[in-house]
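The basis for the numbers below is simple: all heavy atoms, side chains too, and nothing from hydrogens, waters or symmetry mates. In the text below, chain A, chain B and the rest are named by the order of the sequence lines, each starting its count at 1.
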Number of protein chains: 2
Amino acid sequence: MQNSFTEENYLKIIHALSGRDGVEVSTNALAESTSTRAASVTDMLRKLADKGLIHYKKYQGVTLTESGEKVAIKVIRKHRLWEVFLVEKLGFGWDEVHDIAEELEHVPSEVLVEKLDAFLGHPKFDPHGDPIPDAKGNLTEPDYLILTDVHVGEKVLMMGVLDHAPSFLQHLDRSGITLGAVIEVKEINEYDKSASVQINGGPTLFISLEVSKNLLVQRR
Amino acid sequence: MQNSFTEENYLKIIHALSGRDGVEVSTNALAESTSTRAASVTDMLRKLADKGLIHYKKYQGVTLTESGEKVAIKVIRKHRLWEVFLVEKLGFGWDEVHDIAEELEHVPSEVLVEKLDAFLGHPKFDPHGDPIPDAKGNLTEPDYLILTDVHVGEKVLMMGVLDHAPSFLQHLDRSGITLGAVIEVKEINEYDKSASVQINGGPTLFISLEVSKNLLVQRR
DNA sequence: ATATATTTTTAGGTTAGTCTAAATTTTTTA
DNA sequence: TAAAAAATTTAGACTAACCTAAAAATATAT
Ligand SMILES: [Mn+2]
Ligand SMILES: [Mn+2]
Ligand SMILES: [Mn+2]
Ligand SMILES: [Mn+2]
């Protein structure tokens with residue numbers, strides 16, 4: 001049988017909260033992420049367990065089964081491909097596409113996804129630098145650094161963001177920090193861990209720890 | 001407030017069954033079109049009436065209000081634009097797109113529709129020859145002829161279809177009858193009203209009354 | 001180790017959209 | 001124009017996804 005919009009969202013969120021080592025996700029964490037109450041989460045967990053999509057023992061938290069993982073990854077693939085479409089083809093900003101993709105990701109049709117993928121040229125990353133699972137369901141998270149782990153004097157490439165909030169992305173736009181930008185760390189302030197960074201060999205600017213913590217980068 | 005997926009479908013179907021002269025639509029006709037029971041339709045009609053989207057008096061059938069008409073036309077605009085996208089950009093056949101568009105038409109976001117429209121070059125017709133309402137909600141049905149109204153000897157242009165069933169569209173594909181094709185009526189058989197027609201000055205073929213009744217054409 | 005706090009589940013309800021069966025209204029037929 | 005047939009509405013129920021309040025299980029702190 002088909003999974004509902006709501007079920008797909010639960011699976012996607014369990015995948016995200018479970019992390020790459022597949023740690024148990026708590027009822028309260030899910031209530032928070034789904035903007036529902038813990039009691040509602042418990043109801044849904046029983047249902048997902050009955051469908052064989054999650055491992056669930058009362059009071060012990062949940063993890064995805066193989067089949068639940070498959071569904072979650074398909075939804076993530078669709079979400080990220082639609083985001084590429086919205087930015088590359090329709091001209092949306094990277095700060096505007098998440099909510100729309102949140103709807104498009106639930107449109108069913110295998111062939112639609114595959115034709116969209118081909119139309120976009122089989123992109124490997126979405127507009128936020130997140131990897132796009134392939135048609136077989138393989139999702140490989142690249143191991144990026146967080147900018148806070150970079151030492152003074154190092155030059156790194158901007159590869160992605162941890163915070164996807166429009167306000168954060170707009171802040172990066174205003175600072176000229178885009179995917180692929182070269183970031184050289186010039187100075188780190190002992191007191192508040194704020195930093196001076198030079199973008200693409202051009203302007204130098206100050207960024208707060210809050211910003212550094214949300215930037216994914218890579219040594220060249 | 002927002003209209004649900006289901007409410008949007010009811011409005012769209014009332015629009016279609018009501019025709020251009022806005023005739024009353026019966027409960028049974030809606031039950032048929034929505035694949036539900038008459039009792040379920042009655043419930044929904046009460047709700048749509050409460051929201052001011054339809055004119056409804058018990059036992060008298062329904063018509064759309066101005067505001068219901070607006071919603072219906074927006075949904076139709078989205079449906080047809082997405083069909084253009086699927087055919088023109090993703091390479092689907094005109095027989096494959098209806099069901100997918102049926103889902104995409106309910107994705108909310110005004111700006112998405114307008115950016116999609118611009119991306120497609122503001123098309124005026126969908127892949128089946130149906131007119132696409134403009135951003136302001138103007139929908140002008142061109143007054144095409146049905147092929148059965150064309151006399152022997154006349155040459156007409158193929159402009160659209162009345163039946164959107166995949167099997168009918170595939171039949172047209174196999175016959176070489178596509179949008180824009182020139183159709184010359186060579187002969188009409190008295191007995192069963194089947195006809196011989198020449199397509200684009202090339203091959204001549206026989207078509208049944210069933211086919212003729214579903215072809216929209218225009219004198220040149 | 002017990003008391004307290006936190007987390008999770010259970011119990012009992014609500015709303016949207018559907019259903020069947022029965023009642024009512026309208027239409028058709030004799 | 002009265003009886004029969006057809007269409008429509010009402011009554012009462014069901015499921016999915018949510019809720020609040022209360023009970024039970026687990027974790028934390030004295
Ligand atoms: Mn997103
Ligand atoms: Mn993304
Ligand atoms: Mn269609
Ligand atoms: Mn169409």
Side-chain angles (χ1 to χ4, degrees), chain A residues 1-15 17-19 23-64 68 71-72 75 102-103 105-108, chain B residues 1-15 17-19 23-64 68 71-72 75 102-103 105-108:
Chain A
M1 75 224 56
Q2 268 283 100
N3 301 301
S4 71
F5 191 106
T6 308
E7 288 167 342
E8 288 188 347
N9 276 336
Y10 269 86
L11 295 172
K12 196 179 51 154
I13 291 170
I14 293 168
H15 177 92
L17 296 179
S18 200
V23 72
E24 284 79 22
V25 178
S26 77
T27 299
N28 268 354
L30 285 168
E32 170 81 32
S33 288
T34 55
S35 301
T36 62
R37 301 308 187 138
S40 309
V41 172
T42 301
D43 283 349
M44 180 57 79
L45 294 184
R46 230 178 38 72
K47 202 205 315 185
L48 293 173
D50 287 349
K51 289 179 114 183
L53 296 165
I54 59 173
H55 298 292
Y56 173 52
K57 259 183 255 140
K58 283 204 277 190
Y59 296 99
Q60 308 304 189
V62 294
T63 55
L64 295 176
V71 175
V75 176
E102 210 56 36
E103 302 287 329
E105 73 188 5
H106 303 291
V107 172
Chain B
M1 74 224 57
Q2 269 285 100
N3 302 301
S4 73
F5 191 106
T6 308
E7 288 166 342
E8 287 188 347
N9 276 336
Y10 269 86
L11 295 173
K12 196 180 52 154
I13 290 169
I14 294 168
H15 176 93
L17 296 179
S18 201
V23 73
E24 284 78 22
V25 179
S26 76
T27 299
N28 267 355
L30 285 169
E32 169 81 33
S33 288
T34 55
S35 301
T36 62
R37 300 310 186 134
S40 310
V41 172
T42 300
D43 284 349
M44 180 59 78
L45 294 184
R46 231 178 38 71
K47 198 198 327 179
L48 293 174
D50 287 349
K51 289 180 114 182
L53 295 165
I54 60 172
H55 297 293
Y56 173 53
K57 260 182 257 143
K58 283 204 278 188
Y59 295 99
Q60 308 305 188
V62 294
T63 56
L64 295 177
V71 174
V75 177
E102 210 56 37
E103 302 286 329
E105 73 187 6
H106 302 292
V107 172

* **From T6(B) atom OG1 to E8(B) atom CD, the distance as rounded to the nearest 0.5 Å** => 9.5 Å

* Asked: Is there a side-chain polar atom (N or O) of K58(B) under 4.0 Å from OP1 or OP2 of dA7(D)?
  -> no

* Asked: Which whole-number value in Å describes the distance from Y59(B) OH to dA23(C) P?
  -> 13 Å

* Asked: Roughly, in whole Å, what's the span from CD in E32(B) to C1' in dA6(D)?
  -> 16 Å

* May I ask you to test the N28(B)-V41(B) pair for a side-chain heavy-atom distance under 4.5 Å? => no

* Do any side-chain nitrogens or oxygens of S40(B) fall under 4.0 Å of OP1 or OP2 in dT18(C)? -> no

* Structure fact -> With the side chain defined as heavy atoms from C-beta on, D43(A) is closest, among dT9(C), dT20(C), dC19(D), to dC19(D)

* Atom pair distance, as rounded to whole Å: CZ in R37(A) and C1' in dA22(D) -> 15 Å

* CZ of R46(B) versus C1' of dT8(D): gap in Å, rounded? -> 15 Å

* So what does T42(A) touch, heavy atoms closer than 4.0 Å: a base, only the sugar-phosphate, or nothing? -> base

* **Nearest-neighbour nucleotide for the Y10(A) side chain, dC18(D), dT8(C), dA11(D) considered** => dC18(D)

* Asked: Under 4.0 Å between a side-chain N/O of Y56(A) and OP1 or OP2 of dT9(C), yes or no?
  -> yes

* Is it true that K57(A) and E24(A) make a salt bridge, defined as a side-chain N closer than 4.0 Å to a carboxylate O? -> no

* To do: Would you mind reading off the distance between M44(A) atom CE and dT8(C) atom P, rounded to a whole angstrom?
  => 17 Å

* State, yes or no, whether a side-chain contact exists between N3(A) and L53(A) at a heavy-atom distance under 4.5 Å. => yes

* Asked: Nearest to the side chain of N28(B), which nucleotide is it out of dT18(C), dT8(D), dT9(C)?
  -> dT8(D)

* Quick one: E8(B) CD to dA16(C) P, roughly how many Å, whole number? -> 16 Å

* Asked: Side-chain contact, heavy-atom cut-off 4.5 Å: L48(B) with Y56(B)?
  -> no

* Structure fact -> E24(A) CD to dT8(C) P, in whole Å, measures 12 Å

* Asked: Q60(B) CD to dA6(D) C1': how many Å, rounded?
  -> 15 Å

* Asked: Does OP1 or OP2 of dT9(D) have a side-chain N or O of T27(B) closer than 4.0 Å?
  -> yes

